[in-house]
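Letters A, B, ... are given to chains in the order of the sequence lines, protein chains preceding strands, and every chain is numbered from 1.
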Number of protein chains: 2
Amino acid sequence: MIIRIEPESEIPIYIQLTNQIIIGIAKGDLQPGDSLPSVRSFAADLGVNMHTVNKSYHELEKRGIIEIIPKSGAVIRKTLHIDRDTYNRLFEMFQPLIAEALVLGMTKEELVDLVEGIMKKMST
Amino acid sequence: MIIRIEPESEIPIYIQLTNQIIIGIAKGDLQPGDSLPSVRSFAADLGVNMHTVNKSYHELEKRGIIEIIPKSGAVIRKTLHIDRDTYNRLFEMFQPLIAEALVLGMTKEELVDLVEGIMKKMST
DNA sequence: TAATGTGTTCTATTTAATGTAGAACAATTT
DNA sequence: AAATTGTTCTACATTAAATAGAACACATTA
């Protein structure tokens with residue numbers, strides 16, 4: 001799985017990493033039950049600090065995407081059906097993006113096409 | 001138009017304001033050609049600092065949503081069809097959200113329903 | 001004309017976020 | 001036994017975020 005970190009980006013490194021891990025899971029590069037690299041080895045590979053990777057892992061855990069097993073490792077969780085709190089959180093995240101797309105001139109059809117186009121690149 | 005600022009949120013105030021203005025435009029509460037309040041009066045209404053509102057306005061201008069006319073005011077732009085850079089920017093914003101929704105167990109149908117449901121609440 | 005309101009710009013301060021760094025710990029794994 | 005694991009702690013530097021006050025040039029209004 002390929003991770004690209006752009007240190008000069010305005011997006012914090014730990015968020016870049018978090019997003020790319022999520023995309024990797026969605027694409028099937030990482031599957032439920034798989035382990036993520038240790039924070040130390042991953043940090044060495046990416047050329048960032050151990051604590052930055054650790055922050056990503058805890059962000060993923062907070063969102064219910066991985067399970068961190070102390071003294072062992074980080075494992076991709078098997079996801080059941082979405083719960084109400086998570087649905088509401090996703091709603092709040094999608095709303096401003098959809099509003100912006102419409103305000104900037106996308107039609108509803110174009111927006112649905114964009115979303116479906118992105119989904120087609122994901123396997124799960 | 002109703003703006004709710006939550007000072008205790010982890011989301012910066014200027015982003016909360018930016019998002020809610022965008023949603024207000026998408027819903028039709030604000031229309032192209034309308035003026036936004038002055039940074040001073042808006043800041044007074046919201047109970048935040050003038051510079052915070054100013055930052056929101058410049059964020060909206062950078063995204064092509066409003067036009068700031070020096071010594072005059074901020075006006076909602078009439079949007080033409082979306083350009084390539086804007087499309088790519090929206091793509092990069094949507095991708096991690098869609099991936100997360102799928103990873104957390106939403107089906108593609110549920111995700112399209114969520115997006116269409118949010119769109120239905122917008123008029124434009 | 002005089003007064004007010006406008007966005008802009010500047011300095012300044014405080015707090016929080018971000019990223020890096022090093023060390024030590026207890027538990028697991030090899 | 002040795003190496004690796006996530007955790008925790010302190011520490012430091014830089015940037016972001018938010019507030020505050022002042023002054024400026026220009027526009028609008030009374």
Taken to the nearest 0.5 Å, the spacing of B:Ile118 CD1 from A:Phe94 CZ works out to 7.0 Å
Quick check for you: to the nearest 0.5 Å, what is the distance between A:Gln31 atom CD and A:Lys78 atom NZ?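 Between atom CD of A:Gln31 and atom NZ of A:Lys78 there are 11.0 Å.
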Determine whether B:Lys55 and B:Glu59 satisfy the following criterion, salt bridge (Lys or Arg N to Asp or Glu O under 4.0 Å), listing intermediate values before the conclusion. CA-CA 6 Å; B:Lys55 190 168 185 178; B:Glu59 183 68 27; over 6 Å; no
Spacing between [X] atom [atom1] and [N] atom [atom2], to the nearest angstrom:
{"X": "B:Tyr14", "N": "C:dA16", "atom1": "OH", "atom2": "C1'", "value": "14 Å"}
{"X": "A:Glu59", "N": "C:dA17", "atom1": "CD", "atom2": "P", "value": "13 Å"}
{"X": "A:Ile5", "N": "C:dG19", "atom1": "CD1", "atom2": "C1'", "value": "13 Å"}
{"X": "B:Ile15", "N": "C:dA17", "atom1": "CD1", "atom2": "C1'", "value": "13 Å"}
{"X": "B:Asp45", "N": "C:dG5", "atom1": "CG", "atom2": "P", "value": "14 Å"}
{"X": "A:Leu46", "N": "C:dT20", "atom1": "CG", "atom2": "P", "value": "10 Å"}
{"X": "B:Asn54", "N": "C:dT6", "atom1": "CG", "atom2": "P", "value": "13 Å"}
{"X": "B:Ile13", "N": "C:dA17", "atom1": "CD1", "atom2": "P", "value": "13 Å"}

Here the pair of heavy atoms bringing B:Gln16 nearest to B:Ser9 is NE2-CB, 3.4 Å
Just wondering, do B:Arg63 and B:Arg89 contact through their side chains at under 4.5 Å, heavy atoms? yes
Under 4.0 Å from a heavy atom of chain B: give me the 5'-most and 3'-most nucleotides of DNA chain D that qualify.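 Span of nucleotides near chain B: D:dA17 to D:dA27.
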B:Ile13 and side-chain contact (heavy atoms from CB on, under 4.5 Å): which single residue from B:Thr52, B:Leu46, B:Val53 fits?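 One option only clears the test, and that one is B:Thr52.
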Here's a test for you: under side-chain contact (heavy atoms from CB on, under 4.5 Å), which of B:Val75, B:Ile76, B:Asp29, B:Ile25 qualifies with B:Asp34? B:Ile76
Would A:Met50 and A:Ile15 show up in the same hydrophobic cluster when neighbours are defined by side-chain heavy atoms closer than 4.5 Å? no
B:Tyr14, B:Ile66: one ILVMFWY side-chain cluster at the under-4.5 Å cut-off?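 No: no chain of side-chain contacts under 4.5 Å links B:Tyr14 to B:Ile66.
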Tell me, for nucleotides 24-30 of chain C in 5' to 3' order, what letter each nucleotide earns: B for a base near a protein heavy atom under 4.0 Å, S for only sugar-phosphate near one, - for neither? B-BSS--
Anything under 3.5 Å between a protein N or O and an N or O of nucleotides 10-12 of chain C, put it in a table, one pair a line.
from   : atom 1 : to      : atom 2 : distance (Å)
C:dC10 : N4     : B:His51 : NE2    : 3.4

salt_bridge(A:Lys120, A:Glu116) N-O dist < 4.0 Å: no
For B:Arg4, what residues pass the salt bridge (charged side-chain N to carboxylate O under 4.0 Å, His left out) criterion, not counting sequence neighbours? B:Glu6
Sidechain-backbone polar pair: A:Gln95 side chain, B:Ile23 backbone, donor-acceptor under 3.5 Å: no
Angle between terminal axes - the helix from C:dT1-D:dA30 to C:dT30-D:dA1, 5 pairs each end, rounded to 10°: 30°
Does atom CZ of B:Arg77 have more than 12 heavy-atom neighbours from other groups under 6.0 Å away?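 Atom CZ in B:Arg77 is not packed in, count stays at 12 or less.
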Could you pick out which residue, B:His58 or A:Lys55, lies toward the 5' side of DNA chain C when each is mapped onto its nearest nucleotide?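 With B:His58 and A:Lys55 compared, the 5'-side residue is B:His58.
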Please enumerate all residues that pass side-chain hydrogen bond (donor to acceptor under 3.5 Å, both in side chains) together with A:Asp83, with sequence neighbours excluded. A:Thr86
